[in-house]
Amino acid sequence: MLVPAIQKAAEQLGLSRPEYIIPTHIHLDHAGGLGKLAEIFSRAQIVLNRQGAKHMVEPSRLIESTRMAFGDDFEATYGPILPVPESRLRLVRDGDRLKLGGRELLIVHTPGHAAHHIAIFDTKTRGLFCGESLGLIYSPGYPPLPAVAPPSFDLELYLNDMKNLKALKPKLLFYSHGTVAGEPEKLIDTAIENSKLVGELILRDLRAGKSDEAIIKAIGDYLTEHFDAPLDEYELQSNVSGYIHYFRKKGLV
Ligand SMILES: [Zn+2]
């Protein structure tokens with residue numbers, strides 16, 4: 001679905017031969033079209049963290065989980081999930097720098113949202129492509145709220161990623177799903193605060209013995225009341241299950 005939009009944007013920018021394609025991570029809504037994009041932009045290197053790469057070269061698990069979430073006929077709506085040829089990959093780790101024209105892109109491993117998540121910092125303009133590692137602004141003008149999904153979300157690492165990204169002193173944040181925002185310091189502080197807060201509420205409810213469904217409802221109500229939160233049902237469920245999975249994995253409940 002997004003591949004034609006990316007193709008059109010590249011055309012409008014006169015980018016017929018991009019050097020790199022860099023998804024921040026391999027969750028379906030960020031990398032489902034990666035194989036197709038690799039086919040279209042046949043000279044671009046596909047930049048990925050090592051932990052995500054194998055699932056893009058051999059996407060059977062990604063396809064399986066997509067089927068589970070969206071049904072057997074997901075291709076009719078979302079298009080096919082194609083493998084990325086291994087020869088096209090450029091594997092990166094924390095601290096790597098990619099040369100691009102007269103500038104350098106610094107890769108920051110941000111494993112809190114997912115083990116394979118990276119952020120990309122343009123050292124020249126101080127623009128930070130933070131993906132979902134600083135939460136998400138779910139709708140323009142709203143404060144950043146946690147962007148959480150099971151199974152590899154780790155709250156401790158997530159908060160640590162936010163601290164590390166703040167230390168880069170970015171000037172502009174490019175969030176996933178379309179928002180660009182100034183005032184990074186304030187936004188990162190708010191994201192830290194809100195990620196802790198939502199975690200505390202969920203942990204309290206878990207310890208009180210509430211069911212997962214009841215917690216989803218309670219958090220939905222809380223976010224609506226306090227933030228007029230624009231999360232849809234899927235986002236809300238993903239957030240809450242991500243936290244619950246993490247707290248159980250850590251043995252906190
Ligand atoms: Zn994600």
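Values below: every heavy atom of this structure, side chains too, minus hydrogens, waters and symmetry copies. Both counts, for ligands and for their atoms, begin at 1 and track the order of listing.
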> Which of the N/O/S atoms in His27 sits closest to the Zn ion (ligand 1)?
Replying inline: ND1
>> With a 3.5 Å distance limit and no angle check, can you tell me whether His226 reaches the backbone of Tyr222 through a side-chain donor-acceptor pair?
In response: yes
>> Aromatic contact between His117 and His109, with the criterion being ring centroids under 6.0 Å apart: yes or no?
In response: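 No.
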> Any side-chain heavy-atom pair from Glu19 and Arg43 closer than 4.5 angstrom?
Replying inline: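 No. Closest side-chain heavy atoms not under 4.5 Å.
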Please determine if the Zn ion (ligand 1) has an N/O/S atom from [X] lying under 2.8 Å away.
| X | answer |
| --- | --- |
| His30 | no |
| His117 | no |
| Glu132 | yes |

>> Ignoring hydrogens and geometry beyond distance, is a side-chain donor-acceptor pair present between Asp122 and Thr125 at under 3.5 Å?
In response: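 The criterion, which ignores hydrogens and geometry beyond distance, is satisfied for Thr125 and Asp122.
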